[in-house]
Amino acid sequence: EVIGINSMKLVQDEIEGMGFAIPIEYAMAHIEEIESGEAIVRPMLGISLINVSNTTALYQYGFDVGDATEGVVVADITANTGASKSDLKKGDIITKLDGEKVSSIAYLRYELFKHNVGDKVTITYLRNGKERTTTITLTAQTD
């Protein structure tokens, strides 16, 4: 059973080796683009994030997460994106994306990349200890 497609491997004398793979769910959702060599356009919310578990970064940027132990803190919001048109503010703690629990930045991206540019997603977040929701229309990620 295929669970991923290798995309890169690092080999150096200092390390045993590190491989990176594209999850099979993502590859299968974009198989036509991959086979034809087309660029894959990823959706984005338009926010910079910090894991709630990253106490050093939270302290450095002055964010207080209270009793929260999981989720991601909105560190910044990019202008002219879905997030900039939503109710999200710096310091909010995202806990769910479309009802799926968000424990880290990596998991948020995993859930986010199941969607397409233009899709609307529901974000559940904490602000001052109170749970709120907002809807964001995903925009295209530009590099």
Original post:
Between N54 (side chain) and N51 (backbone), is there a donor-acceptor pair under 3.5 Å?
Top reply: no
Subject >> side-chain contact (heavy atoms from CB on, under 4.5 Å) assessment of I47 paired with I77 >> reply: CA-CA 4 Å; I47 53 180; I77 300 175; 3.9 Å; yes
**OP:** Inspect the surroundings of CD in E32 and state if more than 12 heavy atoms from other residues, nucleotides or ligands are less than 6.0 Å away.
**Re:** no
Subject >> Shortest non-hydrogen separation from A140 to V41 and the atoms involved >> reply: CB-CG1, 3.7 Å
Original post:
How far apart are the closest heavy atoms of N116 and D119, and which atoms are they?
Top reply: N-OD2, 2.8 Å
**OP:** Not counting sequence neighbours, list each pair that qualifies as a salt bridge (Lys or Arg N to Asp or Glu O under 4.0 Å) and has a residue in residues 65-82.
**Re:** E70-K101, D76-K90
Original post:
Of all heavy-atom pairs between L97 and H115, which one has the smallest distance, and what is that distance?
Top reply: CD2-NE2, 3.9 Å
**OP:** Answer yes or no: are there more than 12 heavy-atom neighbours, outside F113 itself, under 6.0 Å from its atom CZ?
**Re:** yes
Original post:
Would V74 end up clustered with I123 when hydrophobic side chains under 4.5 Å apart are linked, directly or stepwise?
Top reply: yes
Original post:
Would you say the side-chain atoms of T95 pair up with the backbone N or O of T124, donor to acceptor, closer than 3.5 Å?
Top reply: yes
Subject >> Worked verdict on L45 versus L88 for side-chain contact (heavy atoms from CB on, under 4.5 Å) >> reply: CA-CA 11 Å; L45 294 167; L88 283 178; over 6 Å; no
**OP:** Evaluate the criterion side-chain contact (heavy atoms from CB on, under 4.5 Å) for residue pair M44 and T81; output intermediate values, then yes/no.
**Re:** CA-CA 8 Å; M44 73 170 191; T81 62; 3.5 Å; yes
Subject >> Spacing of S86 atom OG and Y125 atom OH [to the nearest 0.5 Å] >> reply: 7.0 Å
Original post:
Among T133, I136, T134, which one satisfies side-chain contact (heavy atoms from CB on, under 4.5 Å) with T122?
Top reply: T133
Subject >> Heavy-atom closest contact (V72 atom, V52 atom, distance) >> reply: N-CG2, 4.0 Å
Original post:
Side chains of N80 and T139: does their closest heavy-atom pair fall under 4.5 Å?
Top reply: no
Subject >> Nearest non-hydrogen partners of A83 and G46, listed with the distance >> reply: CB-O, 3.8 Å
